[in-house]
Amino acid sequence: MPASLRRRTIKLRASYTRETPSLAAPGVPRRPQTNGAFFGGLGLDTCTAPQRRLRALLALSMFNHGPTSLWPRHLSLADLTRYTLVLSPRHDDLVVTTRAPYNVTCWLVGRDDRPQIGLPGLRVESSYDEGWRLRHLPTGATVTVTGDRHGVLQGPPDPGSNYSRLWGTDVPVTGEEQATLNALPRLTMDTETLLAALTVRLCAHAPDNSWDIGMWFYDLSDRPDRGHAHHRRLQVAESECTLHWDSDPHPEDLQAALTDPVAGLTGATTRPASDGWILQYGRTRLTACPDIYRV
């Protein structure tokens, strides 16, 4: 990709994702496709298979919350969406910048006194000043959490900074964690890609403010709130997904984010349904039910 065009692409991506240009740059692909379009577009959905799987697992945990949650664990990661985050998806990493990196890391990783919290198998690989490099043992994929808005991990690795005794990579996957992973439904490649797309658009918005995901917890426009219970249920069975939610984001915003001509999931199409809308991606179908929360 010519340097000038790549700079424009980086700036365009940042306008949708709230990344700084320096944070967005490593996630923008360099290789052009043979048809002249750029490989992966903005790079939001272009990643390794382990990264795709990790992001799909994050979606299953974040978008299940409340009395009918289908996440097979006592605690979901839905409360992550209460924090102000910027997600920067890269080919082989998912960078999370936040003003509360320690709090976010404590939600993502379990420890001896809270083994029921965190994404099963996610561990601290390295600690830094206000930042952590995390490794998901079952897939090998990484997550970087940092307080630096440009995604930089400050200082040398510091094993002594893990002062909450978060589980490190020396702690193997526990029996409870493995049981949780075994209880999850089988996911096809298309389904993983779709779920991963939900994760990386957690805080996306349109530059013209026509839609805004608002981290699934806040409506950042002047429209009325949709509710405050924040119940969510993401049901998946191979290539069939059903998503119920009773608060933000506004349903038209989520639909727009997934099908936006610039920042949407390439190849995704939607059509109306009786109580929401249906998104088709490859052989996977997501039925979105934003207004009826079924117990």
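Values reported hereafter were calculated over all heavy atoms of this structure, with side chains retained and with hydrogens, waters and symmetry mates removed. It should be emphasised that the depicted structure is a prediction, and the values quoted were computed from it without experimental measurement.
- In this structure the side chain of Asp112 never reaches within 4.5 angstrom of the side chain of Arg165, judged on heavy atoms.
- Looking only at atom types and distance, the side chain of Thr287 has no donor-acceptor partner in the side chain of Thr242 under 3.5 Å away.
- Both Leu286 and Leu184 are assigned to one and the same hydrophobic cluster, defined by single-linkage of ILVMFWY side chains at heavy-atom distances under 4.5 Å.
- Ion pairing between Asp45 and Arg201 holds under the 4.0 Å rule for side-chain N and carboxylate O.
- Using a 4.0 Å cut-off between charged side-chain N and carboxylate O, Arg53 and Glu192 make a salt bridge.
- Annotation: the span from Asp129 atom CG to Asp148 atom CG amounts to 11.0 Å, rounded to 0.5 Å.
- Pro115 places none of its side-chain heavy atoms less than 4.5 Å from the side chain of Thr174.
- Although no hydrogens or angles enter the test, the distance criterion places a donor-acceptor pair under 3.5 Å between the side chain of Ser76 and the main chain of Asn64.
- Formation of a donor-acceptor pair under 3.5 Å by the Thr144 side chain with backbone atoms of Val95 is not found in this model.
- Looking at heavy atoms from C-beta onward, Leu234 lies out of side-chain contact with Trp71 at the 4.5 angstrom threshold.
- In this structure, the side chains of Ser88 and Thr97 stay at 4.5 Å or more apart for every pair of heavy atoms.
- Formation of a donor-acceptor pair under 3.5 Å by the Asp253 side chain with backbone atoms of Asp212 is found in this model.
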(request) Evaluate the side chain to side chain contact (heavy atoms under 4.5 Å, CB included) criterion for residues Thr9 and Leu42: first the C-alpha distance (whole Å), next the side-chain angles of each, then the deciding distance (0.1 Å), finally the verdict. (result) CA-CA 7 Å; Thr9 304; Leu42 301 182; 4.0 Å; yes
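- Listed for the Arg133 side chain is no donor-acceptor partner under 3.5 Å among the backbone atoms of Leu153.
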(request) Determine, step by step, whether Leu198 and Leu258 satisfy the side chain to side chain contact (heavy atoms under 4.5 Å, CB included) criterion, reporting the C-alpha distance in whole Å, the side-chain angles of both residues, the deciding distance to 0.1 Å, and the verdict. (result) CA-CA 8 Å; Leu198 289 172; Leu258 291 169; 4.0 Å; yes
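- The backbone N or O of Gly118 lies less than 3.5 Å from a partner atom in the side chain of Arg73, making a donor-acceptor pair.
- Shortest non-hydrogen contact noted between Arg6 and Val28 is NH2-O, 2.9 Å.
- Under the 4.5 Å side-chain heavy-atom criterion for grouping Ile, Leu, Val, Met, Phe, Trp and Tyr, Leu94 is connected to Tyr83 within one hydrophobic cluster.
- In this structure, the side chains of Val236 and Cys241 come closer than 4.5 Å at one or more pairs of heavy atoms.
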(request) Take Leu23 and Arg149, measure what side chain to side chain contact (heavy atoms under 4.5 Å, CB included) needs, and give me the verdict at the end. (result) CA-CA 7 Å; Leu23 178 62; Arg149 62 193 295 263; over 6 Å; no
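- Gln51 places no side-chain N or O within donor-acceptor distance of the main-chain N or O of Thr48, the cut-off being under 3.5 Å.
- Contact check for Phe217 versus Asp248: no side-chain heavy atoms found under the 4.5 Å cut-off.
- Distance check, rounded to the nearest 0.5 Å: CZ of Phe63 to CG of Leu195 gives 9.0 Å.
- When side chains are defined from C-beta on, Arg52 counts as touching Thr193, because their heavy atoms get closer than 4.5 Å.
- Side-chain N/O atoms of Thr188 and Asp190 include no donor and acceptor closer than 3.5 Å.
- Nearest heavy-atom pair, Gln154 versus Tyr128, reported as atom, atom and distance to 0.1 Å: O-CB, 3.4 Å.
- To the nearest 0.5 Å, the span separating CZ on Arg283 from CD on Glu240 amounts to 13.0 Å.
- Annotation: side chain of Trp167 is in contact with side chain of Glu177 (closest heavy-atom distance under 4.5 Å).
- Between the Thr142 side chain and the Leu134 main chain, no donor and acceptor come within less than 3.5 Å of each other.
- Under a hydrophobic clustering in which Ile, Leu, Val, Met, Phe, Trp and Tyr are joined whenever their side-chain heavy atoms come within less than 4.5 Å, directly or via other members, Val173 and Val109 fall into different clusters.
- In the hydrophobic clustering of this structure, Tyr102 groups with Leu108; members are Ile, Leu, Val, Met, Phe, Trp, Tyr whose side-chain heavy atoms approach within less than 4.5 Å, directly or through other members.
- In this structure, Arg55 contributes its side chain and Cys47 its backbone to no donor-acceptor pair below 3.5 Å.
- Arg99 and Thr84 are linked by a side-chain donor-acceptor pair at a separation below 3.5 angstrom, with hydrogens and angles left out of the test.
- Across all non-hydrogen atoms, the minimal contact from Pro207 to Ser15 is CG-OG, 3.4 Å.
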(message) One pair to check against side chain to side chain contact (heavy atoms under 4.5 Å, CB included): Arg114 and Leu75. What are the steps and the verdict?
(response) CA-CA 10 Å; Arg114 299 203 74 183; Leu75 291 176; 3.7 Å; yes
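- To the nearest 0.5 Å, the span separating NE2 on His65 from CZ on Arg233 amounts to 14.5 Å.
- Arg186 pairs by the salt bridge (Lys or Arg N to Asp or Glu O under 4.0 Å) definition with Glu238, not counting sequence neighbours.
- Note on ring orientation: taking the six-membered ring where Trp is involved, the planes of Trp245 and Trp277 are perpendicular (angle over 60°, cut-offs 30° and 60°).
- Of all heavy-atom pairs between Leu44 and Thr17, the closest is CD2-CG2, 3.8 Å.
- With sequence neighbours left out, the ring-ring contact (aromatic ring centres under 6.0 Å, His included) criterion links Tyr281 to no other residue.
- Scanning all heavy atoms of the two residues, the minimum distance from Ala257 to Trp211 falls at CB-CZ3, 3.5 Å.
- Tracing side-chain contacts under 4.5 Å through hydrophobic residues (I, L, V, M, F, W, Y), one never reaches Val86 starting from Trp216; they form parts of separate clusters.
- Interatomic distance, His244 NE2 to Gln235 CD, rounded to the nearest 0.5 Å: 7.0 Å.
- Side chain of Thr81 to main chain of Ala78: a donor-acceptor pair is present (N/O by atom type, distance under 3.5 Å, no hydrogens or angles).
- The minimum heavy-atom distance linking Val104 with Leu80 is given by the pair CG1-CD2, 3.7 Å.
- Judged by distance alone, the side chain of Ser61 and the main-chain N or O of Leu57 form no donor-acceptor pair under 3.5 Å.
- Cys106 contributes atom SG, which lies 7.0 Å from atom CH2 of Trp132 (distance to the nearest 0.5 angstrom).
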